[in-house]
Amino acid sequence: MSSSLTQSDKRGVAGDRVFSALTVSAGVLILLTLAFVVLFLAANSRDAVYQEDQGGWIIGAFLEYAYPLVIGTLVASLIAIVLAAPVAVGVALYISHYAPPRWSKSIGYVIDLLAAIPSVVYGAWGMSFLGPELIPVYNWLHENLGFLPFFAGDPSQTGRTIFTAGIVLGVMILPIITSVCREIFIQTPKLHEEAALALGATRWEMIKMSVFPFARAGIISGIMLGLGRALGETMAVALVLSPGMLTASLISNGNSTIPAEIALGFPEAPPGSERQAQLIAIGLVLFIITLLVNMTARWIVSRHKEFSGAN
Amino acid sequence: MTQTPTPTSVQSPSGPPQLSEGNRRRSSLTQNTLPSWLWMALLAAAVVIGAALSALLGFNLATWFIFTAVIYVASSYFITRTRVNRRRATDALWTNLIYLAFALALMPLVSVIWSVSSVGIQGLTEPGFLNSEMQGVTGLVDEQSQTEGTPVLGGIRHAMIGSLLITLAATAISVPIGLMTSIYLVEYSRGGPLSRAITFFVDVMTGIPSIVAGLFAGAAMAWFLSVFSSVTGLLSTQRSTLGITAAIALSVLMVPVVVRTTEEMLRVVPNELREASYALGVRKWRTILKVVLPTAISGIASGVTLAIARVIGETAPILVTAGFVVNTNWNLFQGWMTALPVYIFRQFQNPTSPNFSDPSEQRAWAAALVLILIVMGLNLFARLIATLFAPKQAGR
Amino acid sequence: LVGCGESNTPAAEGDSEGEGASSEVAGTLVGGGASSQEAAMTAWTDGFTSVAPDAQVNYASVGSGGGRDGFLGGEYDFAGSDAAMSDEEWESSKEICGPEGAFHVPSYISPVAVAFNVEGIDDTLNLDADTIASIFAGEVTSWDDEAIAEHNPDIELPSTPITVVHRADDSGTTENFVDYLATASDVWDYEVSGEWPGEIAAESAQQTSGVVGLTSDTDGAITYADASQIGDLGTVAVQVGEEYVEYSPEAASQAVASSSPVEGQASNNMAYELDRRTEESGAYPVVLVSYHIFCNEYPDQETADLAVAFGEYVLSEDGQATAEAAAGNAPISEDLRSGAMESLSAITVAE
Amino acid sequence: MSKRVDAVDLNVYYGDFLAVEGINMSIDARAVTAFIGPSGCGKTTFLRSLNRMHEVLPGARVKGELLLDGEDIYAPGVDPVTVRTQVGMVFQRPNPFPTMSLRENVLAGYKLNGARLSRSESDDIVESALSSANLWTEVKDRLDKPGSGLSGGQQQRLCIARTIAVKPDVILMDEPCSALDPISTLAIEDLIGELQRDYTVIIVTHNMQQAARVSQKTAFFNIAGTGKPGKLIEYDDTTSIFNTPKEKSTEDYVSGRFG
Amino acid sequence: MSKRVDAVDLNVYYGDFLAVEGINMSIDARAVTAFIGPSGCGKTTFLRSLNRMHEVLPGARVKGELLLDGEDIYAPGVDPVTVRTQVGMVFQRPNPFPTMSLRENVLAGYKLNGARLSRSESDDIVESALSSANLWTEVKDRLDKPGSGLSGGQQQRLCIARTIAVKPDVILMDEPCSALDPISTLAIEDLIGELQRDYTVIIVTHNMQQAARVSQKTAFFNIAGTGKPGKLIEYDDTTSIFNTPKEKSTEDYVSGRFG
Ligand SMILES: Nc1ncnc2c1ncn2[C@@H]1O[C@H](COP(=O)(O)OP(=O)(O)OP(=O)(O)O)[C@@H](O)[C@H]1O
Ligand SMILES: Nc1ncnc2c1ncn2[C@@H]1O[C@H](COP(=O)(O)OP(=O)(O)OP(=O)(O)O)[C@@H](O)[C@H]1O
Ligand SMILES: [Mg+2]
Ligand SMILES: [Mg+2]
Ligand SMILES: O=P([O-])([O-])[O-]
């Protein structure tokens, strides 16, 4: 025991310093990497918006090119998230609160299997199995709900539509959301669950009173992770989709997403060409989209900060 | 009379009576209980009616399932609602929906696994599949396999080794960085601008398309090597297509997943545990390492596995950063490497023999199966670690 | 007899017969580029190791553009490409390849088949460039359309709707096919590039195997693909002059032979400006020439030797036969081969 | 609105560990019954089995009968939710909902019934419940703040308010005054006295004086040794337990100097 | 091994909320000082500021001086960890580490700091700490079981054992006996009596008798009204506080009927 308060165990203090310095540098490293990524994208995309021989800035032309892809990306991700998020939360709840406790671990493991499947395989599955299976569904939707703009166009006869891509993405992000939600749900303090049950809450009411409020930030985090994956997924979409121009209809061929466009275009893009720059520039655009989407999510989470779960 | 209630029986679907606001008098705890055979009967009826309705539209499994589910969920809701009360009906509804969600999630899983293994198992059992490489396997060999029925040659040894090495390297890079960052965010930062910037940009990182990560890593490595060789004069002939470049590309994709999941897991560790440790005169870093991390370990393990699963299946970034070879390379820092997904993708897309593509397809599915098995193995391993450190169960 | 070991001016003119010929080159040559070359490349790299046991060739099929990018960035020793370098690219190649820059040699010529899957049409279909263009532009939408029938009076055409299938990825095949449509027909007025014109709504799939697969699965589908990979699909005989020409290696070679080389790049360059409007009898103008791009100057002897030895092996009779057997590629003609061998012999080592 | 509770041969387990053995007792309606006994003897465990909260823990189970006005709450077909609406509980460790405001915490049970409360009705409920729990004056200005920013004693009173707000038939309280100062303790004891007029109240307490003050009957639990199950040793009128206990161990315990 | 504690003009805040105001007091070494006062008056808050645990909460801060044997623990350059190794604390709500066994919980103060103990050393420490906390006999057979499977009172004693195992100079105890039965309470009070010979002990209690029994000095805290800060009303020898308090409010409080 040291005699004076300012004399403290030197090694301990050093340990604290080193550790906190390490954590900060890890964070800074991430920021730096990201800054380099942005720099890389920005430097290489200049030609997409500035061409000497076309009279300088050609932002208009670029936007013309980019906006259908932006919409396609958002639509596919939206379909994925709308389909996957409720199911994923449901599955996570099933594992944490409904399944027989003895089985719940194994069941969680089974769902994690979905995450183990590489995206190429999802792509191949979506292209060769799911797409064809959905053709009659699209025909039906078109016949019966054709008055809605999303089901208006001629239904695809190969099933390779943005809707199929959205479903495949949904399946891909399902385990991500499930896994994050499940871990958080399990952490819900027993104390709070019991508080609700003791008031005579049914299981669902207990979940609403104790589990969801506690897990709110976690659920949103999980969804954002999934959304990030959906926005950035390349190979599966490239395989499943039959890309083309922007159409309002979700069940006809057409539409494309930014990552798919990059993956499909980049290999053949001549070095240093405007095309290459264009592809990198839409990468930057995707970056900005992700930025905006996450800003919104963070904003939603932060509004309830005062009422946070831990203590 | 004995009864061994388990948490599942916390809410059995059978509903007892309920107090209406004005009249709190109940005569029995089980009054109005709906007998459990009712649900069996209801399910059976739903199955039959579902089948009938589906047959009207031209029978298929999907519509059968949908009709059955809708009929069962809706009718059990209405029965509970009319015979018992609204709260119990709501509870039953959600219970059914949650079970349904689970069933729904299983469907693609089963379907994908079936797609993979129906061809993949055959490929896996070919002699030497796990143990040989693609050296010497040309279109002629495949043509022979397909037309004359000789065994499908060629294996994935090189690709498995490549994938494992690259993924391990990526994990070794990104898990410490990701974990440290999330520790910074949860334990050290007090909501300052740095932490907000990190949180924010990590979010943004989740959406980087994988190919962009690959291009970036390739460019970064090339730049680094040129600077390095111009400064030191060493490694001037070193090229940037390396296993380690791929690992860096994958790290860019992994880090945000690790940060985001571990951040959430650390946040739910109760503060009173940290306080208990501080009060014992334990330094913060030790508290974090020995109290906070073990408490959150299970979630962290899940997060890391998730991150690994995310990147181990990546194709494009590995192809552009690590190349594609037909034999084994154990060195991450020298020469090209093949990864399983690249192998799978190439076998699908550019069969070794374009006109006799069955052997290639078979190899692709089998390799996919192996990849899934590898991720499962890693997952199991992570869970093992997690249970070793996880909070001991029990307690209220 | 191919004694291309130590000297930087490789001997072997023309007839390196492959069999028994063994080379002493050693080391690893890395290349990257067109994925369409992958199957042939697998055969070549494999065959090359039997000729030069100590040498290894790695090839990453990152796409023609990616291959050229990597080549110009110094990542690859050679590139495989479905399209020739632009002049700017050639200029920038001087940075790594010395004052003469890089040059192309043809590695194979593929006829691009216009292939279809229509129940009821088993034969070859005769079409002219205008009709093909109208079909792919989505203007002719049914198989029994007047425009098709006109060329095929003997065939009973079904009324199946036409589903156009094109490449989803940017591709050399698309570029060559669209170039054909744009030059040979009067109705196609979309920009020529490796990207399918976005204005046309149609089905698409990735890579040759993808379009062929999708076409095979879809009744009424039509696509264009490297002829070596179209399997059982029916094909179109293209009107050239007054006759209808079916694709064949010879017909494709003839179309290239009647074309003029690209001017203005390295003196040993062998890139071609293809003549799509050729009227030459027996020429099939929907062709794609796949190139290997090498440096005129390599930084060290080992790489130079490897590049020459591999380039020569690919062009050798043996190499061409191997690729034909394994990947179904059309071999290139004698003339072209000897010309290309000559080009390769210009490779030197930088001082 | 109150109910009698009878335990018949009740055994309570944590997995294989028998924590409470062979309880037979009959608890009167409209009365206060106190459970006393040394730490770890199974008071909490038994109390939690009275409203089927015990089974919420994994592996935990109950054998025997527990009759609420003659009906077995462990009979097949009984819904634990119904049991719990009739048998309310205040826990040993205060557990307000951290994400809810104070106000929402008090109304939590009420809201469950889907009752649409007008603002004034709910104001009334909140005020009366908090006043009964002697918390109203302390928190009336910050009803919309989260429940976790309270002192230990305040949290405990909040939980009491939340439980009595829903007016269950039987109220279980596990050491409700352990974190309270004398003034609040007095208030809670007054509250218990009032509740007793309409409800069945069961409290666990370590405070003998408190047991003597508020309860009509007292049950003494004890444990023979470590690893052994807790048992009901003596159950009688509070005055008898404290003045003329029949068992030696009861006498030893209640004559302890403390409380 | 004991230290004097002096507070000089100490104000304690939660963000902008002043929870405890203007404390001036001098706490003797080798003595037991009791803090009493109504719920919510800031006893816990003040106690937590004595070993710099308060600042762990976001936004929480302290103004004024707090001298430990004459040295200000809030002076710049003071390492809070050093302060906390010298000033140990038992919390109001028991908080054993869920990831650790009982044994590891007791040894946490050593193990978490990376100390290497031989098996016999650590056995000694575990046994003596648990015995002092009157828990040894109850748990000696399940030292390798998780700490969370204990009853409320057992958990609280475990936390006491954990704190005294590291032998700090000053021991702060926030209602250490609130969840304990009389027997355990007696044992803990005995323990406090022993500790006092070597250590400075400060306990918060709602139990007047306990304060009277164990402490030499007593501090009475009170709060003027909701939203107002807690203040130290009177601080004197325990006998004076209970028999001849100077302040009216002290008298009112200690003459309350309970404890
Ligand atoms: N979750 C649990 N798992 C296993 N055993 C438990 C659990 N909770 C309590 N026990 C054990 O059951 C026995 C009875 O515990 P219980 O909590 O009922 O005691 P109690 O009488 O309430 O004690 P206290 O007065 O200290 O709160 C004790 O031996 C305890 O260790
Ligand atoms: N985390 C917190 N944030 C804001 N205010 C708090 C927080 N914790 C306590 N308070 C407030 O500070 C005041 C003093 O609380 P404190 O916990 O010190 O009371 P206490 O004297 O220990 O009471 P008890 O005897 O009930 O434990 C109370 O008004 C309480 O509501
Ligand atoms: Mg208890
Ligand atoms: Mg307190
Ligand atoms: O050679 P491709 O680019 O058409 O595959």
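Chain naming here is simple, since letters A, B, ... match the order of the sequence lines and numbering starts at 1 in each. Basis for what follows: all heavy atoms, side chains included, without hydrogens, waters or symmetry-related copies. Here the structure is a predicted model, which is why all the values come from computation and not from measurement.
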- Query: Which region of A:Leu291, side chain (C-beta onward) or backbone (N, CA, C, O), has a non-hydrogen atom less than 4.5 Å from a non-hydrogen atom of chain B, or is it both or neither?
  - Reply: both

- Toward chain B, the part of A:Phe40 with a non-hydrogen atom under 4.5 Å: side chain

- Message: Less than 4.5 Å to any heavy atom of chain B: does that hold for the side chain of A:Ile207, its backbone, both, or neither?
- Response: neither

- Query: Using non-hydrogen atoms only, which part of B:Leu373 is less than 4.5 Å away from chain A: side chain, backbone, both, or neither?
  - Reply: neither

- Item | Segment of A:Leu31 engaging chain B (4.5 angstrom heavy-atom cut-off) | side chain

- Heavy-atom distances under 4.5 Å only: say whether B:Ser115 touches chain A with side chain, backbone, both or neither. side chain

- Message: Looking at B:Val311, is its backbone amide N or carbonyl O close enough to the side chain of B:Glu314 to form a donor-acceptor pair, meaning the two atoms are under 3.5 Å apart?
- Response: no

- Using non-hydrogen atoms and a 4.5 Å limit, figure out which bit of A:Val171 sits close to chain B: side chain, backbone, both or neither. side chain

- Considering only heavy atoms, which portion of B:Glu187 lies under 4.5 Å from any heavy atom of chain A: side chain, backbone, both, or neither? neither

- Residue B:Tyr188 versus chain A: region with a heavy atom under 4.5 Å: side chain

- Item | B:Trp365 versus chain A, the contacting section by heavy-atom distance below 4.5 Å | side chain

- Query: Is chain B contacted by the side chain of A:Pro175, its backbone, both, or neither, given a heavy-atom distance below 4.5 Å?
  - Reply: backbone

- Message: If only side-chain N and O atoms count, and only distance matters, is there a donor-acceptor pair under 3.5 Å linking A:Trp204 with B:Thr90?
- Response: no

- Per-residue contact mode, A:Met295 against chain B (heavy atom under 4.5 angstrom): both

- Task: Locate the shortest heavy-atom distance separating B:Thr199 from B:Ser195; write the atom from each residue and the value.
- Result: OG1-O, 2.5 Å

- Task: Measure distances from A:Leu174 to the heavy atoms of chain B and classify the residue's part below 4.5 Å as side chain, backbone, both or neither.
- Result: side chain

- Item | Atom group of B:Ile372 that falls short of 4.5 Å from chain A, counting heavy atoms | both

- Note on the structure: Turns out that what part of A:Ile117 lies under 4.5 Å from chain B's heavy atoms comes down to both

- Of the backbone (N, CA, C, O) and the side chain (C-beta and beyond), which part of A:Ile258 lies under 4.5 Å from a heavy atom of chain B, both, or neither? neither

- Query: Of the backbone (N, CA, C, O) and the side chain (C-beta and beyond), which part of B:Leu289 lies under 4.5 Å from a heavy atom of chain A, both, or neither?
  - Reply: side chain

- Which bit of A:Val293 comes within less than 4.5 Å of chain B, counting heavy atoms only: side chain, backbone, both or neither? neither

- With a 4.5 angstrom heavy-atom cut-off, could you sort out which part of B:Val202 is near chain A: side chain, backbone, both or neither? side chain

- Check: B:Asp203 main-chain N/O paired with A:Asn294 side-chain donor or acceptor under 3.5 Å: yes

- Item | chain A contact via B:Ser182 - side chain, backbone, both or neither, heavy atoms under 4.5 Å | neither

- Heavy-atom contact with chain B under 4.5 Å, split by part of A:Phe129: side chain

- Task: Would you mind checking which part of B:Phe345 comes under 4.5 Å of any heavy atom in chain A, side chain (CB onward), backbone (N, CA, C, O), both or neither?
- Result: both

- Task: Answer yes or no: are there more than 12 heavy-atom neighbours, outside A:Phe36 itself, under 6.0 Å from its atom CZ?
- Result: no

- Query: At a heavy-atom separation under 4.5 Å, does B:Leu380 approach chain A through its side chain, its backbone, both, or neither?
  - Reply: both

- Query: Side chain, backbone, both or neither: which part of B:Phe102 has a heavy atom under 4.5 Å from chain A?
  - Reply: both

- Note on the structure: Here the pair of heavy atoms bringing B:Pro341 nearest to A:Val120 is O-CG2, 4.2 Å

- Note on the structure: Highest number of heavy-atom pairs under 4.5 Å with chain B among A:Thr234, A:Leu292, A:Leu231 belongs to A:Thr234

- Contact part of B:Arg383 toward chain A, heavy-atom cut-off under 4.5 Å: side chain, backbone, both or neither? side chain

- Task: Please flag which part of B:Val255 lies under 4.5 Å from any non-hydrogen atom of chain A: side chain, backbone, both or neither.
- Result: side chain

